[in-house]
Amino acid sequence: MSNQLLLTPIEYLKGIGPSRGELLRKELNIHKYGDLMNLFPNRYIDRTRYYKINELQNTTAEVQVVGKIIHVKTVEFGKNQKRLVATYTDDTAQMELTWFQGIKWIRESLKLNEVYVIFGKTSNYGGQFSMAHPEMELLEEHKASLRSAMQPVYPSTEKLTQRGITNKVINKAMQQLFLEVKGQFIETLPNYLLEQLQLISKNEAMFNIHFPKSQDLLAKAQFRLKFEELFFIQLQLITKNLIRKHKIKGHLFDKVGTNFTDFYSNHLPFELTNAQKRVIKEIRNDMGSNAQMNRLLQGDVGSGKTIVALMCMLLAKDNGFQSCLMAPTEILANQHFIGLTELAQDLNISIKLLTGSTPVSERRIIHEALENGTLDILIGTHALLEDKVKFHNLGLAVIDEQHRFGVEQRSKLWHKNDIPPHVLVMTATPIPRTLAMSLYGDLDISVIDELPPGRKAIQTVHRYDSNRLKVWKFLKDEIAKGRQVYIVYPLINESATQDYKDLMDGYESISRDFPLPQYSISIVHGQMKPAEKEAEMQRFVSGKTNIMVATTVIEVGVNVPNASVMVIESTERFGLSQLHQLRGRVGRGAEQSYCILMTGFKLGNDSKTRIETMCKTNDGFEIAEVDLKLRGPGDIMGKQQSGVLNLQIADLVKDRAILMLAREHALKLLKDDAAMAKPEHQKMKAIFMEMSAKKNIWNYIS
Ligand code: ADP
Ligand code: MG
């Protein structure tokens, strides 16, 4: 189809007009014909035909099946959870019908061995199809009712429906659109790929996504369009990575000098784990080549990323470069400063700390030492990004707990010198591989997948508020053994007065239950001045207090090995990755550590899943996967980065297999023809260039 037609403003479409056009722009971001064309249905209502169970496909469409229930049973799963499972069969195969709610009533009303027509979405677990909460009626009733044809259901908003732009209207508009453009879509993928992967043509796919002729063609259309979307994203990411590796010159760290060697041979406080050694090698390889390093270091909490960072910074020093380490909070920057200064005490290198609360006089000294090159390592917060902070020659920038920083900030560091520094981004929030690949296709990834030896797995339990006395008793026992305890309150929004009040009430009652002089308590929250916070933190770090009552300000990075219990209040209000981060504050010493998740009795399903997951596993990657499923990718990565995930049709969680396939083929194609110069790649290249010009990906990633 000609591009021109696709650019026609949407109000020109028959049946739309200016006022509907305005609404479509505002509500669904549909400006032109092409935008409407790419509005894909969320689901389909198909009551035109009846499927045999052995004809069911993996689509998101709803289907209608005729059959009988031959068996019903109640299955227990998890804690106190039940579901009702019916075996449903026709003359071709069996499937399952499941109910999670209203089990008792449904069980009583189901009639065995009578013919039912069921309707709903199916899912497939290990080859077995099942339908949850099906719409169902007896065949007799069904025959008496009227049904419309197979109908796509488009995304909508409340406002659109209110103002009369119903699904029917969109359907009509779509038909009109296809009439006007006559459905001549240019094929975007090379022919050999279509053949190899047995993909249907763009034309056929577009037609069948909007007006499916059959379930089979719909499945093929969905597959084809999802593949196409993910394929082009992968092309962009991989190309970008290739360009960076070839074009962006980096500082060459080819010497292994005295500091690194001296530290490695004489001052390591412990033997490095194999994972740490491997990661250091990967980083050294990067920095020892001519290209600029852009590497994501993933390692679960407590896996020992700090020492890796230090050793890389020593390499920078040995090659005559400065480095910096940026942390998201003052507490963490401080702790890095203290920790690294101690680790490096026998080496001849200078390390300074720069945060919002560094006095002006000290700042001046730091700025000067930075510019004349006498300062080797600068540790700090966002303060490092200020324009006044100028490096003599920044060779390596380490960013800790990356998800707190926007991509903008990353690139700000990048521009501090003519030749960009090597960048090492450390994160303790394990990003599921799928996401990492889609978001950070431009970053290389190293993983520390091994905890230092001798760590005991943290034991996590769930306790109701009504059991608080027992929990307190347990805390007292631990404190009697010399251990320290965290008690964390949700303060999701710093300005939420109720949260703040809960925290202070909690603090008061804890003070009563753990009285002086036997016990002493610290409190840290976001409304305190930095100096106060720091002083309280220090009292806890030095062991002067037994209990730290805090908000999530302690979530990131704080290291007190003697702390062995983490109590989390109102657990249901925390997200999974936050809970995992908090739990990571304990289990840092040799002692058995515990995490106690407190809640009231009333819990939603998602909360239950989160709590069960926490009790079941300590593995950050596993937790991240569950989190991804519960929340969806946009939420996890935060606003800035979710843009890239604004996919039209593919879903990073559900379409993982297609993503892998797309990546594999994008890699293969670029390996063979990086410039996309071959004739068979010309159309694809044009679309690729158009996408790049829109910068929809480039904007979001470094
Ligand atoms: P994170 O990856 O969460 O930043 P840290 O670097 O803070 O972890 O390390 C957690 C703790 O483990 C620190 O007390 C650190 O000294 C210790 N540690 C790190 N690596 C090792 C190792 N190889 N053997 C023993 N202890 C280690
Ligand atoms: Mg850390």
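In each ligand, atom 1 is the first atom listed, and ligand 1 is the first ligand listed. Not measured: the values here are computed from a predicted model.
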I'd like to know if the side chain of His422 reaches the main chain of His251, judged simply by a donor and an acceptor atom lying under 3.5 Å from each other, with no hydrogens or angles considered. yes
Using a 3.5 Å cut-off on N or O atoms only, is Pro453 in polar contact with ligand 1? no
Residues two or more places apart in sequence or in another chain: which of them pass side-chain contact (heavy atoms from CB on, under 4.5 Å) with Glu371? Lys390
Out of Lys305, Lys277, Glu342, the nearest non-hydrogen contact to atom 2 (O) of ligand 1 is supplied by Lys305
Under 3.5 Å donor-acceptor, Thr545 side chain and Ser520 backbone: no
Those residues at least two apart in sequence (or on a different chain) that pass ring pair (Phe, Tyr, Trp, His ring centres under 6.0 Å) with Phe540 are Tyr486
Side chain to side chain contact (heavy atoms under 4.5 Å, CB included) partner of Val565, chosen from Ile547, Val471, Val485: Val485
Please indicate whether any nitrogen or oxygen in Gly302 is less than 3.5 Å from any nitrogen or oxygen in ligand 1. yes
Backbone of Met548 reached by a side-chain donor or acceptor of Gln484 within 3.5 Å: no
Do the non-hydrogen side-chain atoms of Arg468 and Asp513 ever get within less than 4.5 Å of each other? no
For Leu272, which part has a heavy atom under 4.0 Å from ligand 1: side chain, backbone, both, or neither? backbone
Looking at ligand 1, does Ser303 have a heavy atom less than 4.0 Å from it? yes
Per-atom contacts of ligand 1 with Thr273, taking only distances under 4.0 Å to non-hydrogen atoms: 23 (N)
Filtering Gln276, Arg455, Arg588 for the heavy atom nearest atom 7 (O) of ligand 1 leaves Arg588
Would Glu271 count as a contact of ligand 1 if the rule is a heavy atom under 4.0 Å away? yes
Numbered atoms of ligand 1 (with element) below 4.0 Å of Thr306, judged on heavy atoms: 4 (O), 5 (P), 6 (O), 7 (O)
